[in-house]
Amino acid sequence: DTAVSQTPKYLVTQMGNDKSIKCEQNLGHDTMYWYKQDSKKFLKIMFSYNNKELIINETVPNRFSPKSPDKAHLNLHINSLELGDSAVYFCASSPRTGEGETQYFGPGTRLLVL
Amino acid sequence: QQQVKQSPQSLIVQKGGISIINCAYENTAFDYFPWYQQFPGKGPALLIAIRPDVSEKKEGRFTISFNKSAKQFSLHIMDSQPGDSATYFCAASKGSSNTGKLIFGQGTTLQVKP
């Protein structure tokens, strides 16, 4: 009955590899997000989708590509992984897009690039 | 450019004491200010939020104080408990953007000693 779920929970990989992180929400929300939390715990928005439409696209290397097959899923594909990509990636969702909407976070995916 | 500055970085409080975390923002267009709580190994979760039309909001032991002229807001945790030990993030968003984009502070790690 998890509201926002992410897979995998842990991801250890070599530099240069390509990897994907999957996110699913069963809350019926319209909007989903990807955040990156670095080693100092700083949280930064990367992308946001509303009903499969990209609405936030922060200054993120184009090696990162989000894909939303439907409004309940938002996946993150990362090409040519670099050491600096090591972080915890959080998926979140909110009922609608807009200021004041509570964002519900998933448990995170801990990515370590060696 | 850090638009939301949070302090202190870490805080140790005795059980029963008051924990105070401060945030300052630069952009006067911000009009929604939530606080998120994150336990180790978990995703952040909304704790309490305020809009600038009120100077204070209280929910149980948690209170937000808001000073619009000073562009500052703070979280007060009364009767702090060991179970409150977590990382706390303030955040801000602009209503005019209509994207729901949250700008987070750097986080404060709170430890409540029994």
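A, B, ... follow the sequence lines: proteins, then strands. Residue 1 opens every chain. Values in this document were obtained by computation on a predicted structure and should not be read as measured data.
- When heavy atoms are compared at a cutoff of 4.5 Å, B:Y36 approaches chain A solely by way of its side chain, counted from C-beta outward.
- With a threshold of 4.5 angstrom between heavy atoms, A:I55 approaches chain B through its backbone and through its side chain.
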Task: side chain to side chain contact (heavy atoms under 4.5 Å, CB included) between A:F105 and B:Q38, intermediate numbers included - done: CA-CA 10 Å; A:F105 285 76; B:Q38 183 180 24; over 6 Å; no
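- Using a 4.5 Å heavy-atom threshold, the side chains of B:K101 and A:E58 count as touching.
- More than 12 heavy-atom neighbours from other residues, nucleotides or ligands sit within 6.0 angstrom of NZ on A:K44.
- Looking at B:P34, there are no atoms closer than 4.5 Å to chain A (heavy atoms on both sides), in backbone or side chain.
- Only the side chain of A:R110 comes within contact range of chain B, with at least one heavy atom under 4.5 Å from a heavy atom of that chain.
- Within a 6.0 Å sphere centred on CD of B:Q9, other residues, nucleotides and ligands contribute 12 heavy atoms or fewer.
- Minimum heavy-atom separation, A:G100 to B:S93: N-OG, 4.4 Å.
- Annotation: side chain to side chain contact (heavy atoms under 4.5 Å, CB included) contacts of B:K58 (sequence neighbours excluded): B:T63.
- To the nearest 0.5 Å, atoms OG1 (B:T99) and CG (A:N57) are separated by 12.0 Å.
- Here the shortest heavy-atom pairing between B:F104 and A:L43 reads CB-O, 3.7 Å.
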Please tabulate, for the side chains in residues 107-114 of chain B, all donor-acceptor contacts under 3.5 angstrom to protein atoms that are two or more places apart in sequence or on a different chain.
unit_1, atom_1, unit_2, atom_2, d
B:T108, OG1, B:Q6, NE2, 3.0
B:T108, OG1, B:P8, O, 2.5
B:T109, OG1, B:T87, OG1, 3.4

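- Between B:L46 and A:Q103 the shortest side-chain heavy-atom distance does not fall below 4.5 Å.
- Against chain B, the residues from residues 30-38 of chain A that qualify, each with a non-hydrogen atom under 4.5 angstrom away, are A:Y33, A:Y35, A:Q37 in number order.
- Among residues 71-94 of chain A, the residues having any heavy atom closer than 4.5 Å to a heavy atom of chain B are, in sequence order, A:F90.
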